[in-house]
Amino acid sequence: MEMIFQWVKSGLLFTIISSVIILLCPNKAYVKHINLILGLLFILVMIRPVMEMTGLDEKTYLSYINKYLKIEGSNELSKNSISLYEDSLALQLKAVLKDSGYEIQDIHVFVNSDASVEKVVIDFSEHAVGLEYLETYLYQTLGEEVKIIYEGG
């Protein structure tokens with residue numbers, strides 16, 4: 001029951017904040033664009049608890065992408081699928097790590113033809129601390145031992 005109250009509370013809070021943002025908009029020509037962005041953000045705010053209850057997380061997403069890109073009748077990925085899989089993993093990892101407070105310039109993920117991640121190269125903008133958390137997260141998300149190379153700062 002507490003989860004439902006928290007869900008409704010976050011929806012109402014977001015609605016109030018978005019209303020204030022629209023009222024403070026200096027040029028009314030941009031209101032429809034701001035409404036579109038706020039509407040998309042509102043959908044994300046409202047879907048998040050549902051995703052948590054159903055167990056949809058990074059691992060589920062990665063396994064779906066992995067299964068989607070496999071060649072029928074084979075456990076191997078095509079070259080285009082490998083490239084798409086690498087890009088998808090890199091984008092997701094970059095977003096998660098930036099949300100966690102890491103200053104990252106770029107991430108490169110290298111995947112084998114059997115869809116296992118060979119190595120992850122992370123280029124930091126500045127000196128990184130707390131890399132143990134990062135290594136634990138990568139191990140839990142990718143589900144295997146991965147060679148991690150830190151570059152930059």
Side-chain angles (χ1 to χ4, degrees), residues 2-4 6-11 13-15 17-18 21-22 25 30 32-153:
E2 179 68 28
M3 184 182 277
I4 294 173
Q6 188 67 23
W7 186 46
V8 171
K9 185 177 164 184
S10 66
L13 183 64
F14 183 84
T15 304
I17 291 171
S18 62
I21 290 171
I22 291 171
C25 183
Y30 296 118
K32 65 181 177 181
H33 302 292
I34 293 172
N35 275 331
L36 174 69
I37 292 169
L38 290 173
L40 294 173
L41 290 174
F42 181 73
I43 290 171
L44 289 175
V45 166
M46 298 312 289
I47 283 181
R48 178 103 175 133
V50 174
M51 290 177 64
E52 288 175 359
M53 287 189 318
T54 58
L56 294 174
D57 58 356
E58 291 92 9
K59 284 185 179 179
T60 308
Y61 173 74
L62 289 176
S63 66
Y64 171 76
I65 294 289
N66 187 355
K67 289 177 186 172
Y68 176 77
L69 294 175
K70 284 197 176 170
I71 300 171
E72 282 189 41
S74 170
N75 284 336
E76 304 252 329
L77 297 176
S78 69
K79 290 187 188 281
N80 287 340
S81 295
I82 289 173
S83 176
L84 287 171
Y85 189 42
E86 289 173 346
D87 292 344
S88 174
L89 284 173
L91 284 173
Q92 182 183 5
L93 288 174
K94 191 171 190 176
V96 168
L97 295 177
K98 280 193 175 187
D99 286 345
S100 298
Y102 291 102
E103 294 292 325
I104 297 186
Q105 284 184 338
D106 204 14
I107 294 180
H108 297 285
V109 179
F110 298 94
V111 177
N112 295 324
S113 62
D114 64 348
S116 64
V117 178
E118 180 181 337
K119 81 177 161 180
V120 177
V121 178
I122 303 172
D123 188 10
F124 290 97
S125 302
E126 54 188 48
H127 183 67
V129 293
L131 296 178
E132 297 82 24
Y133 166 76
L134 174 61
E135 290 174 353
T136 304
Y137 172 78
L138 289 174
Y139 178 74
Q140 289 174 348
T141 303
L142 301 174
E144 55 195 62
E145 197 65 38
V146 176
K147 182 178 180 183
I148 304 168
I149 300 171
Y150 304 105
E151 296 179 347

In terms of heavy-atom contacts, Ile107 and Leu93 come closest through CD1-C, 3.9 Å

Heavy-atom closest pair (Met46 atom, Trp7 atom, distance to 0.1 Å) is O-NE1, 2.8 Å

The reported gap from CD1 in Ile17 to CG in Leu41 (rounded to nearest 0.5 angstrom) is 11.5 Å

Considering all heavy atoms, the nearest Leu38-Phe14 contact: O-CE2, 3.4 Å

Of the options Asp123, Ile122, Val121, which is the one that meets His108 in a side-chain contact (heavy atoms from CB on, under 4.5 Å)? Val121

Using every non-hydrogen atom in the two residues, find where Cys25 and Tyr30 come nearest and quote the distance to one decimal. SG-CB, 4.2 Å

Ignoring hydrogens, what is the shortest heavy-atom contact between Thr15 and Ser18? Give both atom names and the distance. O-OG, 2.9 Å

Of the non-hydrogen atoms in Gln105 and Lys94, which two are nearest, and what is the gap between them? O-NZ, 3.0 Å

